[in-house]
There are 2 protein chains.
Amino acid sequence: MASDTRSALVAAAAELLDQGGPAAVTLREVGRKAGVSHNAPYKHFKSKEDLLAAIASRELERQSETMNALKPQARPIDALRRLTRGYIRWAQNYPARFRLVFGEWKHDSHELGEAAGKSRAMLVEIVKAAQDAHQLPRGNPERIASLLLALAHGAVDLALAGHLSATGKGAADPDMLADDLYALLKKSSQTDRKYRRK
Amino acid sequence: MASDTRSALVAAAAELLDQGGPAAVTLREVGRKAGVSHNAPYKHFKSKEDLLAAIASRELERQSETMNALKPQARPIDALRRLTRGYIRWAQNYPARFRLVFGEWKHDSHELGEAAGKSRAMLVEIVKAAQDAHQLPRGNPERIASLLLALAHGAVDLALAGHLSATGKGAADPDMLADDLYALLKKSSQTDRKYRRK
DNA sequence: ACCTGAACACCGTTCAAGT
DNA sequence: ACCTGAACACCGTTCAAGT
């Protein structure tokens, strides 16, 4: 199914993407790197966009693998924090892949949506566990997962674009903002507990 | 300073951007729309990227104008909420401009950074006012402004990419997530008040 | 100072042809 | 089924030349 040249093409394209952004991913250069002609990719991908979508899918699958490997953790809230940090690190180390995964997709790529859904489901599970341990406030776990994801995503995207760094006292990097949100959630969950004890 | 053809070129380019994304912004089409030759843009902009940066600057300036026009509001917290909603609406109505403004910039465009800083400063002022009225928790106002901005930005970016819509019960749009964060901040500021009264 | 038309190198995509 | 080489249309950019 996943032929040898196909994955070689994806790997070559990902390398070019990291080095010079989407503009550097030319089918001619991809072919050269993979040792085939400049239009051999058309036997494996419908178009250049389809090749880029394959990179994005690969990235999302790797993310869910990383999430699986990271699961066993004493406190669920610590697993969540670690996950958040991992997400931020990934975006900062591979900004081009990060932007590709969350960029616009005309050919709405069913495969991509499924890979994203899988990661999401795992995230929601950990949120539920943290709620059961009273480390997160009550409420719809999917909603809280979205809140955490949106903040981490927005913080790192702004940071990459240089729109976050107020130099000096107010300076905040993505990790700090994530910590702020976790602190707010913790405070809120403590209020929840007080109610529960009444 | 802002010559007539220059702004005509920017307007034409913005229109093309809205219609078909950055790929649709070809200098030939921009020239045609503005009634000049396909390389007249080079007398006003160093490159295509420079033209795109001009669109981004224009957009940021318009944002700070909108913020100025919106300022007089009874409760500062309401002004903040309105600002958040405006930001989300803008991104949803003009996704291509939104992505352009927060995309990557090689030629790091000093002009762009200044326009962004101006909007930021206004946002921080309103946060301060809300803190003084005990509608937001204490703490560094720049930090809280970053938190609000990061969440709104991340939520709307995820929504545009289709990575937010868990259908069914857990479904959350950007406005709902912003409301969640405001609720957490309100709760936290009430705890602050209790401390203050002791 | 601003604009034009021709030209160059490069890219995505298609096609006829080979194994 | 997979690959190749030539060809086409298009694009960003440059250049010589015009006002």
Evaluate whether atom CZ of A:Arg89 has more than 12 neighbouring non-hydrogen atoms of other residues, nucleotides or ligands under 6.0 angstrom away.
yes
Do any N or O atoms from the side chain of B:Gln135 and from the backbone of B:Lys186 form a donor-acceptor pair under 3.5 angstrom?
no
Take atom CG of A:Leu9 and atom P of D:dT4, then tell me their distance rounded to the nearest Å.
10 Å
Base-paired stems that DNA chain D participates in, counting runs of 3 or more Watson-Crick or G-U pairs under 3.5 Å:
C:4-8 with D:12-16, C:12-16 with D:4-8
OP1 or OP2 of D:dC2 less than 4.0 angstrom from a side-chain nitrogen or oxygen of A:Thr5, does that happen here?
no
Heavy atoms of other groups near A:Tyr182 OH, more than 12 under 6.0 Å
yes
Classify every nucleotide of nucleotides 12-18 of chain D by which part a protein heavy atom approaches to under 4.0 Å, writing B for the base, S for the sugar-phosphate alone and - for neither, in 5'-to-3' order.
BBBB---
Check against side-chain hydrogen bond (donor to acceptor under 3.5 Å, both in side chains), A:Arg120 and A:Ser146
CA-CA 9 Å; A:Arg120 221 202 129 71; A:Ser146 290; 2.8 Å; yes
Do the side chains of A:Leu185 and A:Ile77 join up, straight or via other hydrophobic residues, at under 4.5 Å, putting them in one cluster?
yes
Please check if any side-chain donor atom of B:Glu49 sits under 3.5 Å from a side-chain acceptor atom of B:Trp105, or the reverse.
no
Within a radius of less than 6.0 Å around NZ of B:Lys118, do more than 12 heavy atoms belonging to other residues, nucleotides or ligands occur?
no
Which pairs with one or both residues in residues 137-157 of chain B pass ring pair (Phe, Tyr, Trp, His ring centres under 6.0 Å), sequence neighbours excluded?
B:Phe98-B:His153, B:Phe102-B:His153
